[in-house]
Amino acid sequence: MLQVTKEDLLPTVGAWVDKTNPAVWAPMVSQIANDSFVLYYAATSAQDPTAHCVGVATSSNVKGPYTPLADPFACHLDQGGAIDAAGHHHPDGSLYVVYKIDGNNRGNGGSCNNGVPPIKSTPIMLQKVAADGYTKIGSEIQILDRDDGDGPLIEAPSLIYFHNVWFLFFSSGCFAEETYDLSYAYASSVTGPYTKARSPDAPLLVSGKDGLKAPGSACAAKDGSKLLFHAWLGDDINGGRGMWTAALSINGTTITL
């Protein structure tokens, strides 16, 4: 059974955050080798309050409190910002972080601000990091991007490795609309190239399945047995979002729920 604590994991944000409107979201905690924990989060940039950056905080206790790093991990302000970071443990012991460049933040209006041409890219980036979970090793690389079948964007990436295959979960559509869904891509290397799963294997979750509305933003257990995701609690985004779990089944490069 899940237990929700009432402690604030991140009582203080990084010095790079706009303190007048921090707008912190998309937290993800990853345990690293020395039994400490890294928290990735998105917040408004003080340098450009129209965009978010990805920040990092650390703790010796999974329940926190987490101490933020002074500088952001990734920004890409010229492309709209960076959000939705998630850690990944490679089977060889190395660590990676995936995140989204928030291109639709610089869009031209319409669905999630990116439904009016010219449509902006919303690439998923992969960054190798050191054992501390945040010191960068080399440069980030792009491993996926939206296409016309994804609607205005892809976002909320997370990676798992299962039986010699890397699976990249992501959402497409718009989180504020019932078009939001959950899909995945797969590759034989963590750096790709990734192939998007297509119908009838994907999307994995869409509005209407099991009574859900706008399901997405998933993270999977390391062993590939369970999936955690959110969906609307009411008839629209204003009703808030709750968390659900689902059992995963993986056969080759095909995932079913």
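- Hydrophobic clustering, with ILVMFWY side chains joined whenever heavy atoms are under 4.5 angstrom apart, keeps I154 apart from F169.
- Counting only distance, with no hydrogens or angles, the side chain of D150 and the backbone of S172 share no donor-acceptor pair below 3.5 Å.
- Aromatic ring orientation, Y161 versus W166: tilted (interplanar angle from 30° to 60°).
- Within 6.0 Å of CG on D148 lie no more than 12 heavy atoms contributed by other residues, nucleotides or ligands.
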>> Apply side chain to side chain donor-acceptor pair (under 3.5 Å) to residues H52 and W25 and explain how you reach the verdict.
In response: CA-CA 10 Å; H52 276 62; W25 69 50; 4.7 Å; no
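- Scanning for salt bridge (charged side-chain N to carboxylate O under 4.0 Å, His left out) contacts around D223 gives an empty result, with sequence neighbours left out.
- The distance from atom CD1 of I250 to atom OG of S225, rounded to the nearest 0.5 Å, is 9.0 Å.
- In this structure, D8 places its CG atom where more than 12 heavy-atom neighbours from other residues, nucleotides or ligands lie under 6.0 Å away.
- Within a 6.0 Å sphere centred on CD of Q142, other residues, nucleotides and ligands contribute more than 12 heavy atoms.
- Linking Ile, Leu, Val, Met, Phe, Trp and Tyr residues whenever their side-chain heavy atoms come within less than 4.5 Å leaves Y41 and L69 in two separate clusters.
- Criterion: ILVMFWY side-chain heavy atoms under 4.5 Å apart, direct or through other members. Under it, Y99 and L126 are not part of a common hydrophobic cluster.
- Geometrically, K136 engages F73 in a cation-pi contact, judged by NZ or CZ lying under 6.0 Å from the ring centre and within 45° of the ring axis.
- Looking at T122 and N104, their side chains never bring a donor and an acceptor atom within 3.5 Å of each other.
- In this structure, S121 contributes its side chain and P123 its backbone to no donor-acceptor pair below 3.5 Å.
- Side-chain atoms of K196 do not come within 3.5 Å of backbone N or O of Y194 as any donor-acceptor pair.
- Distance alone, capped at 3.5 Å, places no donor-acceptor pair between the T44 side chain and the P49 backbone.
- Ring-plane geometry between Y96 and H90 is classed as tilted, the angle between the planes lying from 30 to 60 degrees on a 0 to 90 degree scale.
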> Could you go step by step and tell me if T20 and D18 meet the side chain to side chain donor-acceptor pair (under 3.5 Å) rule?
Replying inline: CA-CA 6 Å; T20 62; D18 178 9; 2.7 Å; yes
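- None of L159, L248, I160 except one satisfies the side chain to side chain contact (heavy atoms under 4.5 Å, CB included) rule with F167; the exception is I160.
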